[in-house]
Amino acid sequence: MFNPDLKKLLKNCNSRYSLVIGTAKRAREIRDDAVKKDVLLDDKSVSLAIEEILDGKYVIDEPDELKSK
């Protein structure tokens with residue numbers, strides 16, 4: 001079971017809500033791209049999205065009013 005460190009995931013986000021929304025958005029992009037290319041994914045798209053966030057390949061952009069000061 002994939003169990004990433006939440007503190008590392010929240011390093012560049014202010015809230016868990018932003019993290020969940022950003023992860024879901026990236027997972028949908030990964031899934032849609034795989035369907036378009038007719039590729040079978042070995043891992044779940046959410047797991048791939050979380051790995052990209054941890055590796056810094058995908059950055060969750062938050063509105064200015066949610067960013068910490």
Side-chain angles (χ1 to χ4, degrees):
M1 184 168 140
F2 187 60
N3 192 11
D5 185 19
L6 186 59
K7 287 183 182 181
K8 288 181 183 177
L9 284 168
L10 287 172
K11 181 174 64 173
N12 296 324
C13 295
N14 273 342
S15 68
R16 291 180 183 184
Y17 177 79
S18 297
L19 178 63
V20 169
I21 298 301
T23 302
K25 180 179 178 182
R26 181 61 187 140
R28 282 191 301 272
E29 291 172 355
I30 292 169
R31 183 205 59 210
D32 291 345
D33 190 45
V35 168
K36 186 171 111 178
K37 293 180 180 179
D38 199 29
V39 175
L40 183 62
L41 296 174
D42 293 333
D43 296 323
K44 293 184 179 183
S45 58
V46 173
S47 297
L48 295 172
I50 289 172
E51 287 176 8
E52 286 185 4
I53 292 168
L54 283 172
D55 293 340
K57 295 177 183 175
Y58 183 77
V59 178
I60 297 170
D61 189 29
E62 296 177 302
D64 289 335
E65 58 268 5
L66 292 179
K67 293 181 181 177
S68 61
K69 298 176 183 179

remark   = So CD1 of Ile60 and OG of Ser18: to nearest 0.5 Å the spacing works out to 7.0 Å

note = Excluding Val39, membership of its hydrophobic cluster (Ile, Leu, Val, Met, Phe, Trp, Tyr; side-chain heavy atoms within less than 4.5 Å) reads none

Donor-acceptor list for residues 42-52 side chains, cut-off 3.5 Å, not counting sequence neighbours:
unit_1, atom_1, unit_2, atom_2, d
Glu52, OE1, Arg26, NE, 2.6
Glu52, OE1, Arg26, NH2, 3.2
Glu52, OE2, Arg26, NH2, 3.2

task = Using side-chain contact (heavy atoms from CB on, under 4.5 Å) as the criterion, list what pairs up with Lys8, not counting sequence neighbours.
result = Asp5, Leu54

ask   = Quick one: side-chain contact (heavy atoms from CB on, under 4.5 Å) partners of Lys11, sequence neighbours excluded?
value = none

remark   = Between the CG atom in Leu10 and the CG atom in Leu19, the distance rounded to the nearest 0.5 Å is 5.5 Å

key: N-O pairing of Asp33 and Lys37 below 4.0 Å   = yes

ask   = With ILVMFWY side chains joined below 4.5 Å, transitively, what does Leu40's cluster contain besides itself?
value = none

ask   = Are the side chains of Leu6 and Arg16 in touch, meaning some heavy atoms are under 4.5 Å apart?
value = yes

remark   = Ile21 meets the side-chain contact (heavy atoms from CB on, under 4.5 Å) criterion, sequence neighbours left out, with Tyr17

inquiry  = Quick check: closest heavy atoms across Cys13 and Leu9, and the distance to 0.1 Å?
reply    = SG-O, 4.2 Å

task = Using salt bridge (charged side-chain N to carboxylate O under 4.0 Å, His left out) as the criterion, list what pairs up with Lys57, not counting sequence neighbours.
result = none

